Amino acid sequence: MLKLTKSMYSYTLIIPAAVIYTVFFLIPTFMSFFFSLTRWNLVDWEFIGLDNYIMFFREPALFNSIKNTLIYAVITCGLKVIFGLLIAVFLCSKLKTKGFLRNAVFFPTLVSTIAVGITFSVLMHPSNGLINQALAFVGISGPDWLGDPKLALLSVAFVDVWKGVGFATVIFIAGIMSIPTHYYEALEVDGGNKLNAFWHITLPLSRPAINAVIILALIGGLRTFDLIWTMTRGGPGFSSDLLASVIYKQYQGGFYGLATAGNVIQFIVVALIAFPLYKFLNRKEVDI
Amino acid sequence: MRKEAPGQINAPVISKQKPKKKQLVPFLIEVFAVLICAIVFLIPFYFIIINSFKTSKEAAEMSMSLPSTYQILANFTEVLTTRDNMLLLAYYNSTVITVFSVAVLVIVCSMTGFILQRRSGKGKTVLGFAVLSGLMVPPAIVPTIWVLDLLGLFKTMPGIISIMVALGIPFSIILYSGFIATIPKEIDEAAVLDGCGSWRLFFKIIFPLLKPIHSTVIIISSVNIFNDFVHPLYFFPGAQNATVQLTLYNFMSMYNTSWNLLFANVLLITIPPFILFMFFSKKIVAGMTSGSVKA
C-alpha cells in the first residue's frame with residue numbers, strides 16, 4: 001500500500017511550487033540573517049557584526065517603530081475582534097436587511113488600501129474634513145487626526161479597523177452559523193436569555209473562528225505598510241513609524257544592511273508572537 | 001429531528017400572542033443599524049463618487065453636497081490621459097501581472113495541495129510548516145531584490161510575477177488542500193489501477209474536479225494581486241513599470257490641488273474589485289473564510 005501511495009502521489013508534482021517558493025521566498029528570508037550583519041550595496045558587502053542591530057536599538061526613531069508596531073497590531077486586532085463579533089452576532093439574528101448589511105461591511109476589504117488611505121486622509125482633514133465637520137455640527141471641535149503626533153498612529157489604526165472589520169465579521173458569521181441550533185434550543189428550555197446564549201454558547205463554540213481572526217489580524221497588523229505610508233509616511237516626525245515603514249525609509253536611503261536588520265527584527269517579532277499564540281490558542285481549543 | 005418539532009410548532013403561536021409593541025423594538029434597532037452602517041461604511045464611497053464628478057474648485061471644499069455642475073467626462077478623460085496615458089499603461093501592466101500570476105498559482109498550487117493533502121509522514125510535516133510560515137513571515141525586502149538582481153529579473157515583468165506567485169503560494173495551497181480533502185481517495189486508486197501515473201492522475205482526473213475551488217483561488221488572488229501596492233513598489237520600480245496602485249500613489253502628490261481628479265482615479269481603481277464583488281460575493285466570502293479558518 002505504501003508503495004502504491006508513493007507512486008500515486010509522487011513528490012515530483014510539488015517541484016514547480018517548491019522551486020518558486022524556495023528561490024523567491026525562502027532563500028531571501030535565510031539570506032536576510034546574513035545580510036543584516038553587513039554593510040552592503042547589493043554587489044559588495046562588508047561584515048560589521050551586530051552594528052546594524054545596535055544602531056536600531058540605540059536610535060530612538062528606529063526603536064520607536066518597534067513599539068509602534070506592537071501598539072498598532074494589538075489595537076487593530078483587538079478592535080477587529082470586538083467589533084467583528086458584535087456585528088456578526090447582530091447579523092446572525094433575524095433581519096430583513098441582512099444581505100445588504102453584510103455586503104456593506106465586507107466590501108471595504110476588497111478595496112485597495114491606497115484608495116482607502118487617500119479617501120480617509122481627506123475625510124480626516126483638520127478643518128474641511130467630513131469627520132471634523134460632523135463633529136463641529138454637534139459642537140465638538142475635532143482634533144487634527146493625522147497631524148497630531150499623539151493621535152496619528154491611532155487614526156490610521158482606526159482606518160485599518162474600518163477596512164478590515166468586514167473580514168473578521170464574515171469569519172465570525174461562518175463560525176456562529178456552524179453552531180448546532182439545538183444548543184440554543186436547550187438553553188431556551190432552561191430559561192436562559194440572549195446574553196446567556198452569547199456568553200455560554202456563541203462565544204465558546206465560535207472559538208476556532210475567533211482564534212483565526214486573532215492570529216490573522218495580529219500578523220496583518222505587525223506587517224502593515226501601505227496604509228501608514230499613504231496616510232502619514234510615518235509622521236509627523238517619526239511618531240507613527242512602523243517597522244515596515246522604517247525598512248522602506250532605510251532602503252530608500254541606501255542603507256540596505258540596516259533595512260535588512262529591520263526586516264529580521266520584524267520576522268522575530270512576528271515569530272515570537274504568532275507561533276506561540278497559534279500553539280496556545282489551538283491547545284485551548286482541544287481542552288474544551 | 002423529533003425534538004425540534006414541538007419547538008417549531010410553538011414558535012409562531014407565541015409570537016402571535018405577543019403584543020405589537022414587542023416587534024417594534026427589533027424593527028427600530030434594525031433601522032438604527034442600517035443608518036449607522038450607511039454612515040460608517042457607505043458615506044466614504046458616496047464621497048468618492050460625488051467628488052469625482054465635481055470641478056476642482058468645488059471638490060476643494062471636500063463637502064458631501066451634490067455638484068452644481070457635473071464634470072464627469074472631462075475629469076475621467078484627464079485622469080486617463082495624464083502623463084502620456086500613464087493610467088492606461090498601469091491598467092495594462094497590472095492586468096498582465098495579475099493574469100499570469102494567477103494562472104501559475106492555479107496550476108502549481110493545485111498540484112502541491114493535492115500531494116500535501118494525500119501524503120502523510122515526516123516530509124509532509126516539514127513542507128506543511130514551510131507553507132504555514134510563509135503565511136506569517138513577511139518577505140525580506142532587500143535580499144529579495146538581491147536574488148532578483150542576480151537572476152536578472154529585477155524591474156522586469158517575469159520578476160514581479162515570480163514574486164507574486166511565491167507570496168501567494170501558501171494561501172492558495174491551503175485553499176486547495178482543504179477542498180481536495182473532500183474528494184474520495186477511491187477515485188485516485190481507480191485511476192491508478194487503470195494505469196495512470198501521478199501526473200496523469202492529477203491532470204486527467206483531479207484537476208477538472210477542482211473547478212469550484214479554482215474559481216475561488218482565481219477571484220481572491222486576482223483581487224489581492226491587483227490591489228497590491230508594497231511589492232510592485234519594491235520589486236517593479238520605474239516609470240514604464242507603473243502598476244495601478246502605484247499610479248494612484250504617485251498621483252496623490254500630483255493632484256494635491258485637484259481632489260476631483262484624485263477621486264476620479266480612486267473610483268476607476270475601485271471599479272474592478274467592485275465588479276468582481278457584484279458577481280462573486282458569496283464565493284469570495286466562502287473562500288476567505290474556509291482558507292483562513294483552516295490556516
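Numbers restart at 1 for each chain; the letters A, B, ... are given by sequence-line order, proteins then strands. Owing to the predicted nature of the structure, the values given are computational and were not obtained by experimental measurement.
- Note: B:Leu248 leads B:Leu276, B:Ile48, B:Val244, B:Leu248 in heavy-atom pairs under 4.5 Å with chain A.
- With a threshold of 4.5 angstrom between heavy atoms, B:Leu150 does not approach chain A through any atom at all.
- Counting heavy-atom pairs closer than 4.5 Å to chain A, the top-ranked of the candidates B:Gly159, B:Gly113, B:Ala33 is B:Ala33.
- Ring planes of B:Phe203 and B:Phe207: tilted class, angle from 30 to 60°.
- Contacts of A:Val165 with chain B are made by side-chain atoms alone, with heavy-atom separations under 4.5 Å and no backbone atom involved.
- With a 4.5 angstrom heavy-atom cutoff, A:Ile219 touches chain B only via side-chain atoms.
- Contacts of B:Leu167 with chain A are made by side-chain atoms alone, with heavy-atom separations under 4.5 Å and no backbone atom involved.
- For a residue to count as touching a neighbouring chain, one of its non-hydrogen atoms must lie under 4.5 Å from one of that chain's; by this rule B:Leu201 touches chain A with the side chain only.
- The backbone N or O of B:Met136 lies less than 3.5 Å from a partner atom in the side chain of A:Arg223, making a donor-acceptor pair.
- Using modelled atom types and a 3.5 Å distance limit, the side chains of B:Trp259 and B:Ser52 yield no donor-acceptor pair.
- Heavy atoms closer than 4.5 Å to chain A are found in the side chain of B:Val104, but not in its backbone.
- Summarising the geometry of A:Gln266 relative to A:Ala244, their closest heavy-atom pair is NE2-CB, 4.0 Å, with the distance given to 0.1 Å.
- With B:Phe154 as the fixed residue, the side-chain contact (heavy atoms from CB on, under 4.5 Å) test singles out one of B:Val147, B:Asp149, B:Thr144: B:Asp149.
- Taking A:Thr109, A:Thr29, A:Leu123, A:Val264 one by one and counting their heavy-atom pairs under 4.5 Å with chain B, the maximum is reached by A:Leu123.
- Heavy atoms closer than 4.5 Å to chain A are found nowhere in B:Phe235, neither backbone nor side chain.
- For A:Thr22, no part lies under 4.5 angstrom from a heavy atom of chain B.
- Interface remark: of the candidates A:Val170, A:Val116, A:Val122, A:Val122 forms the most heavy-atom pairs closer than 4.5 Å to chain B.
- The residue among A:Val213, A:Ile14, A:Ile215 with the most heavy atom pairs within less than 4.5 Å of chain B is A:Ile14.
- Ranked by heavy-atom pairs shorter than 4.5 Å toward chain A, the options B:Ile145, B:Ile107, B:Ile43 are led by B:Ile145.
- If you measure heavy-atom distances from B:Val223 to chain A, the contacts under 4.5 Å come from the side chain alone.
- Centroid-to-centroid, the aromatic rings of A:Tyr9 and B:Phe202 stay 6.0 Å apart or farther.
- Only the side chain of A:Val270 comes within contact range of chain B, with at least one heavy atom under 4.5 Å from a heavy atom of that chain.
- A donor-acceptor pair is defined here as one N or O able to donate and one able to accept, closer than 3.5 Å; such a pair exists between the side chain of A:His125 and the backbone of A:Asn128.
- Both the backbone and the side chain of A:Tyr248 come within contact range of chain B, with heavy atoms under 4.5 Å apart.
- When the candidates B:Gly123, B:Cys109, B:Gly134 are compared by the number of heavy-atom contacts under 4.5 Å with chain A, B:Gly134 comes out ahead.
- Across every non-hydrogen atom of A:Gly166 and A:Phe106, the tightest pair is O-CD1, 3.7 Å.
- Ranking A:Val105, A:Val189, A:Thr260 against chain B, the residue ahead of the rest is A:Val105, based on heavy-atom pairs under 4.5 Å.
- When each of A:Leu110, A:Val111, A:Leu101 is checked for heavy-atom pairs under 4.5 Å with chain B, A:Leu110 comes out on top.
- For B:Phe47, the part lying near chain A is the side chain, with the backbone staying farther off; criterion is any non-hydrogen pair under 4.5 Å.
- Surrounding CZ of A:Phe83 are at most 12 heavy atoms belonging to other residues, nucleotides or ligands under 6.0 Å away.
- The distance from atom CD1 of A:Ile173 to atom OG of A:Ser206, rounded to the nearest 0.5 Å, is 11.5 Å.
- Between A:Pro28 and B:Pro143, the closest heavy-atom pair is O-CB, 3.4 Å.
- For A:Phe100, the part lying near chain B is the side chain, with the backbone staying farther off; criterion is any non-hydrogen pair under 4.5 Å.
- Distance alone, capped at 3.5 Å, places no donor-acceptor pair between the A:Lys279 side chain and the A:Ala274 backbone.
- Under the 3.5 Å distance criterion, the side-chain polar atoms of B:Gln245 are matched with a main-chain donor or acceptor of B:Phe226.
- If you measure heavy-atom distances from B:Ile141 to chain A, the contacts under 4.5 Å come from both the backbone and the side chain.
- Taking every heavy atom of both residues into account, A:Ala17 and B:Ile169 meet most closely at O-CD1, 3.6 Å.
- Looking at B:Ile220, neither its backbone nor its side chain comes within 4.5 Å of chain A, counting heavy atoms on both sides.
- Contact tally against chain B (heavy-atom pairs below 4.5 Å) for A:Phe34, A:Phe90, A:Phe225, A:Trp40: the top residue is A:Trp40.
- Side chain of A:Gln250 to main chain of A:Tyr256: no donor-acceptor pair is present (N/O by atom type, distance under 3.5 Å, no hydrogens or angles).
- Contacts of A:Tyr21 with chain B are made by both backbone and side-chain atoms, with heavy-atom separations under 4.5 Å.
- Considering only heavy atoms from C-beta on, B:Ile180 comes within 4.5 Å of B:Arg118 through its side chain.
- The aromatic rings of B:Phe45 and A:Trp162 lie tilted to each other, with the angle between the two planes from 30° to 60°.
- At a 4.5 Å heavy-atom cutoff, the contact between B:Leu127 and chain A is made by side-chain atoms alone.
- With chain A as partner, the option from B:Val266, B:Thr270, B:Asp188 having the largest number of non-hydrogen pairs under 4.5 angstrom is B:Asp188.
- Side chain of A:Asn211 to backbone of A:Tyr278: no donor-acceptor contact under 3.5 angstrom is found.
- Interface remark: A:Ala134 contributes no atoms to any contact with chain B (heavy atom separation under 4.5 Å).
- Looking at A:Ala104, both its backbone and its side chain come within 4.5 Å of chain B, counting heavy atoms on both sides.
- Of the atoms belonging to B:Phe114, it is side-chain heavy atoms, and not backbone ones, that fall under 4.5 Å from chain A.
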